[in-house]
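Heads up: the structure comes next, in structure tokens.
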Number of protein chains: 2
Amino acid sequence: MDQLQKFKDYLSLKGLKNTSQRLVILETFLSSESHYSTEDLYLKLRIEHPKIGYATVHRTLKLFAECGIAAERNFGDGQTRFEPVHGEEHHDHLVCTRCGLIIEFEEPQIEKLQESVAATHQFTIENHRLELYGLCSICTAADL
Amino acid sequence: MDQLQKFKDYLSLKGLKNTSQRLVILETFLSSESHYSTEDLYLKLRIEHPKIGYATVHRTLKLFAECGIAAERNFGDGQTRFEPVHGEEHHDHLVCTRCGLIIEFEEPQIEKLQESVAATHQFTIENHRLELYGLCSICTAADL
DNA sequence: AAGATATTGAAAACAATTTTCAGAAATTAG
DNA sequence: CTAATTTCTGAAAATTGTTTTCAATATCTT
């Protein structure tokens, strides 16, 4: 099922309304570079849809997160970011502290070790976050 | 070297002053349960030292972080927390999403895998954060 | 002890996020 | 199709956590 259908299903399930703003925001959100903050997306939308307000963008992003279309991320810069979820494997992030580059990665072995740590403490894991902060290859090179 | 000495050295290195507030805050910070938010520590201090202001607590916690006595943590609840650092191994956290319990753990194998992920992307890791969110053993049991 | 400099606490400023509210839009009922 | 009901929107205001300002005070140096 595609994301648009998933969103519409969620709206009707919850008795919410299918508005033009929500569809425009979804389309823009899905169509490009990930890791949007509310502000990022608001500014991008404003170019073609200057009527859409900041609060609506923010509310809609929260709605995406609620229905599983987006995941909330926080990379410690004081802004919450949202990234599209496409039902793929869970992934984690490398974050360049100099240029802001964000790279996604998957490492099933780490996930397994996390499970074993949780088991040791009789913890039931619901989700996790792993971020590696440092310099990307370009910034590392520039640093020499 | 103990933490008090480390703090005093840092102060004189930076030409900062050794005030009674700073010492009281350090003592209280080190003397008990970790993972304080500014507010937590402010409220705790207020019992015995009602004159100490919120801003001073906050500034002092930042100072601890600067000189390596404290580490800043953010568990996604919108509050920055500070935990005492005692020069031990780096550790990560299990966070109970129901009762708020925080358990620390170390898993060197995970650290190694992180290094290999970074190497794959020619990334130079400066630091990382790993948090496992879920239910602690007690909340898991209560959930049945 | 005096002078120079940093610190304090209260309040104001900030930044990100969330809420309020009245008018507008979407859905449902008739 | 129209009216009635309910949700949504956008602008502005409110909230929350954090940071800064500033005048009075404390600390350090000589």
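Naming: A, B, ... by sequence-line order, numbering from 1 per chain.
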Discussion item. Is it the case that the side chain of B:Thr56 and the backbone of B:Ile52 share a donor-acceptor pair, with hydrogens and angles ignored and the cut-off at 3.5 Å?
Written reply: no
Worksheet item: Do B:Thr60 and B:Gln21 have side-chain atoms, one donor and one acceptor, less than 3.5 Å apart?
Response: no
Worksheet item: Rounded to the nearest Å, what distance is computed from the CG atom of residue A:Leu61 to the P atom of nucleotide C:dA16?
Response: 15 Å
Worksheet item: Going by atom types only, do B:Thr97 and A:Glu126 share a side-chain donor-acceptor pair under 3.5 Å?
Response: yes
Discussion item. Does B:Glu48, at its CD atom, have more than 12 non-hydrogen atoms belonging to other residues, nucleotides or ligands within less than 6.0 Å?
Written reply: no
Discussion item. Between C1' on C:dG9 and OH on B:Tyr42, what's the gap in Å once rounded to a whole number?
Written reply: 9 Å
Discussion item. Rounded to whole Å, please give me the gap between CD in A:Glu72 and C1' in C:dT18.
Written reply: 13 Å
Between the protein and nucleotides 15-17 of chain D, which nitrogen or oxygen pairs are less than 3.5 angstrom apart?
residue: D:dG17; atom: O3'; partner: B:Gly78; partner atom: O; Å: 3.4

Worksheet entry | Check: A:His128/B:Glu131 side-chain N/O donor and acceptor closer than 3.5 Å | no
Under 3.5 Å, which protein N or O atoms sit close to an N or O of nucleotides 20-22 of chain D? Give each pair with its distance.
residue: D:dT21; atom: O4; partner: B:Arg59; partner atom: NH1; Å: 3.2

Discussion item. Whether the B:Glu83 and B:His91 side chains hold a donor-acceptor pair (N or O, under 3.5 Å, no angle test) is what I'd like checked.
Written reply: yes
Practice prompt. For residues A:Phe123 and B:Ile103, determine if any side-chain heavy atom of one lies less than 4.5 Å from a side-chain heavy atom of the other.
Written response: yes
Worksheet entry | Atom-to-atom span, CD1 of A:Ile52 to C1' of D:dA11 - whole angstrom | 15 Å
Worksheet entry | Atom-to-atom span, CG of B:Leu63 to C1' of C:dT7 - whole angstrom | 11 Å
Worksheet item: Within less than 4.0 Å of OP1 or OP2 of D:dT9, is there a side-chain N or O belonging to A:Lys51?
Response: no
Worksheet entry | Donor-acceptor side-chain pairing of A:Glu66 and A:Tyr10 below 3.5 angstrom | yes
Fill in: Position toward the 5' end of DNA chain D (nearest nucleotide), B:Thr38 or A:Gly53
A:Gly53
Practice prompt. Taking only heavy atoms on the protein side, list every residue of residues 2-26 of chain A lying under 4.0 Å from any atom of DNA chain C, sorted numerically.
Written response: A:Lys17, A:Asn18
Item to complete: Give a yes or no answer on whether the side chain of B:Arg129 reaches the backbone of B:Asn74 with a donor-acceptor pair at less than 3.5 Å.
Response: yes
Discussion item. Would you say that B:Arg73 contacts B:Thr80 through its side chain, given a criterion of any heavy-atom pair below 4.5 Å between the two side chains?
Written reply: no
Practice prompt. Could you tell me whether the side chain of B:Gln79 and the main chain of B:Tyr36 form a donor-acceptor pair under 3.5 Å?
Written response: no
